[in-house]
Amino acid sequence: MSDFRISADAIDQAAELAALEDTASGAVACFCGRVRNHNEGRAVAGLQYECYEELAVSEGARVIAEAKERFGASRVLCVHRTGDLAIGDAAVWVGVAAAHRNEAFAAARYVIDEVKKRVPIWKREHYPEGPAEWINAP
Amino acid sequence: MSDFRISADAIDQAAELAALEDTASGAVACFCGRVRNHNEGRAVAGLQYECYEELAVSEGARVIAEAKERFGASRVLCVHRTGDLAIGDAAVWVGVAAAHRNEAFAAARYVIDEVKKRVPIWKREHYPEGPAEWINAP
Amino acid sequence: MRGVFVAATLFGLMRIRVDYFAFLRERAGRAHETLDTGAATPRELYRELRERRPLPPGKGLKVAVNDEFRNWDWSLEDGDRVVFMPPVAGG
Amino acid sequence: MRGVFVAATLFGLMRIRVDYFAFLRERAGRAHETLDTGAATPRELYRELRERRPLPPGKGLKVAVNDEFRNWDWSLEDGDRVVFMPPVAGG
């Protein structure tokens with residue numbers, strides 16, 4: 001199974017964490033992005049993620065390989081949701097196991113930043129009032 | 001229950017994560033320090049943590065209050081183990097919920113750094129060979 | 001006349017599949033389409049597509065050919081799958 | 001003689017509980033002890049303790065009085081609980 005995955009189902013953080021087990025790694029840093037009930041001052045009712053899966057998976061795997069290479073992280077996993085998400089649902093999860101916390105934090109930060117910049121996934125926000133909108137639409 | 005806790009029992013990360021639930025917070029950053037099978041080039045068989053609990057709890061609570069104040073984190077939790085730990089066991093866990101990932105990462109990093117610097121907890125390493133040693137002993 | 005014939009031979013029509021995602025899918029009114037085109041590059045192809053679909057200007061979009069990021073002047077080949085992507089918004 | 005009497009009245013012996021943790025607990029050979037002392041500060045108290053226990057020099061240690069961090073020159077009071085702490089090593 002790839003270290004970067006797209007999932008139409010809820011993210012099981014306990015299972016992801018278990019997959020990071022590694023007796024040589026003293027530090028695990030995780031990040032989870034969740035659906036907030038507001039964005040830029042506007043109430044949000046839910047989200048929808050759409051993904052270009054073939055390219056998302058290959059670009060996501062590149063991001064993870066870079067994180068391992070740059071920070072010497074021993075394990076790096078990332079999973080991103082697609083489909084309809086409710087408030088509080090996990091949209092993306094990143095987990096890193098490394099020897100020390102510097103590397104673990106830096107690699108986790110790198111992965112979430114690059115995924116948000118580079119991986120072809122798009123978010124559509126639903127609002128209590130007004131039509132849904134694609135974020136960053138040109 | 002205090003946001004900083006000392007625990008003689010295994011850390012239940014799923015339960016800790018659940019306690020961070022907060023629909024206004026889009027970002028959750030976690031850190032877990034685990035017992036490694038080596039330290040500074042030497043094989044390690046296990047660890048023992050001892051704690052001055054009254055002061056650890058009050059100092060830990062101060063660290064958490066500072067993290068909330070400095071980074072605007074909405075929820076910050078930390079739990080640190082005492083007693084005998086085996087390789088792979090979680091020794092300390094930090095979880096932060098915040099509106100955005102900058103604040104979540106910064107607050108998690110602050111808490112683990114300050115806990116390691118300020119909270120009266122001591123670690124004794126057991127080795128496959130040779131007597132156990134208190135780390136940082138004067 | 002001769003010039004046109006040579007061009008048609010050397011740069012004949014290619015069959016290209018185009019996929020649309022998210023905002024572009026909604027604008028195009030479809031998830032994908034296959035067309036026979038003389039466009040030699042994604043840039044030319046997008047110009048052609050904009051003549052028939054209410055797509056936004058290409059500025060800010062990214063291009064993939066056969067599931068790899070490519071630039072706008074990449075040489076297309078018969079049978080290629082081309083994707084024009086709005087700015088990503090994951091996380 | 002009169003000077004000694006006044007000192008004994010004003011600065012009489014206090015009952016202080018001392019707790020030891022980790023490396024210091026092992027060196028002291030006990031987790032805590034209670035003593036009657038004329039030491040007015042943690043600094044004087046530690047000097048006195050080192051006369052009877054194989055404790056390391058105070059440099060690098062921290063002091064708590066009644067579960068609060070205090071400096072080495074804090075004024076002790078009768079009934080105080082004092083803890084001398086090795087450098088912490090959590091995490």
Side-chain angles (χ1 to χ4, degrees), chain B residues 4-7 11 31-36 39-40 44 47-63 78-83 85 89-94 108-125 131-138, chain D residues 16-35 41-77 79-91:
Chain B
F4 182 92
R5 285 163 20 244
I6 294 294
S7 173
I11 297 173
F31 175 80
C32 181
R34 302 188 303 192
V35 180
R36 282 186 303 159
N39 188 20
E40 295 179 2
V44 171
L47 283 189
Q48 171 191 351
Y49 283 99
E50 183 169 328
C51 167
Y52 172 7
E53 186 154 347
E54 295 88 340
L55 185 51
V57 166
S58 61
E59 188 69 2
R62 271 190 286 269
V63 167
C78 180
V79 52
H80 200 297
R81 277 295 309 275
T82 53
L85 279 73
D89 283 355
V92 59
W93 184 90
V94 177
R109 184 63 203 252
Y110 181 82
V111 170
I112 185 63
D113 286 355
E114 295 298 309
V115 164
K116 287 173 77 94
K117 257 187 271 183
R118 293 161 48 183
V119 175
I121 299 172
W122 298 275
K123 171 163 47 186
R124 192 172 186 238
E125 283 184 352
E133 281 179 20
W134 288 102
I135 303 303
N136 290 353
Chain D
I16 300 285
R17 174 182 163 129
V18 179
D19 284 57
Y20 300 103
F21 290 98
F23 178 70
L24 291 188
R25 179 177 49 69
E26 290 195 349
R27 281 297 191 90
R30 68 209 68 214
H32 56 86
E33 63 186 314
T34 298
L35 62 162
T41 65
R43 188 184 310 279
E44 291 176 21
L45 177 62
Y46 195 70
R47 197 178 296 138
E48 185 180 324
L49 289 166
R50 283 195 77 199
E51 287 168 10
R52 10 178 169 166
R53 314 274 177 229
L55 297 168
K59 193 164 183 298
L61 305 188
K62 289 210 181 288
V63 178
V65 179
N66 301 333
D67 302 333
E68 294 288 348
F69 286 112
R70 299 299 184 195
N71 67 48
W72 287 89
D73 298 312
W74 181 261
S75 289
L76 295 178
E77 295 184 10
D80 278 352
R81 177 197 190 194
V82 179
V83 182
F84 298 101
M85 293 171 277
V88 304

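Residue numbers start from 1 in every chain, and the chains themselves are labelled A, B, ... in the order their sequence lines are given, proteins ahead of strands.
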With ring-ring contact (aromatic ring centres under 6.0 Å, His included) as the test, would you mind laying out the steps for D/Trp72 and D/Phe84 before giving the verdict? CA-CA 10 Å; D/Trp72 287 89; D/Phe84 298 101; 5.6 Å; yes
Derivation of the side chain to side chain contact (heavy atoms under 4.5 Å, CB included) call for D/Leu61 and D/Leu55: CA-CA 11 Å; D/Leu61 305 188; D/Leu55 297 168; over 6 Å; no
The test is side chain to side chain contact (heavy atoms under 4.5 Å, CB included); show your working for B/Glu40 and B/Glu125 and say whether it passes. CA-CA 12 Å; B/Glu40 295 179 2; B/Glu125 283 184 352; over 6 Å; no
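If you measure heavy-atom distances from D/Glu26 to chain B, the contacts under 4.5 Å come from the side chain alone. For chain D, the nearby parts of B/Trp122 are the backbone and the side chain; heavy atoms of each come within less than 4.5 Å. Of the atoms belonging to B/Tyr52, heavy atoms from both backbone and side chain fall under 4.5 Å from chain D. The part of D/Pro56 that comes within reach of chain B is its side chain, from C-beta onward, which places non-hydrogen atoms under 4.5 angstrom from that chain. Residue D/Arg27 does not touch chain B at all, counting heavy-atom pairs closer than 4.5 Å. Within the 4.5 angstrom heavy-atom criterion, only side-chain atoms of B/Glu59, from C-beta onward, approach chain D. For B/Arg118, the part lying under 4.5 angstrom from a heavy atom of chain D is the backbone only. For B/Cys51, the part sitting under 4.5 Å from any heavy atom of chain D is the backbone (N, CA, C, O) and nothing else.
A salt bridge links B/Lys117 with B/Glu114; the closest basic N to acidic carboxylate O contact falls under 4.0 Å. Using a cutoff of 4.0 Å between basic side-chain nitrogens and carboxylate oxygens, B/Asp113 and B/Arg109 are scored as salt-bridged.
Across D/Gly60, D/Pro86, D/Ala64, the residue that shares the most heavy-atom pairs under 4.5 angstrom with chain B is D/Pro86. For chain D, the option among B/Ala56, B/Ala137, B/Ala91, B/Gly33 with the highest count of heavy-atom pairs below 4.5 Å is B/Ala137.
Here the straight-line distance linking atom CD of B/Glu50 with atom CD1 of B/Ile121 works out to 11.0 Å at 0.5 Å rounding. Distance CD/D/Glu77 to CD1/D/Ile16: 9.0 Å, rounded to 0.5 Å.
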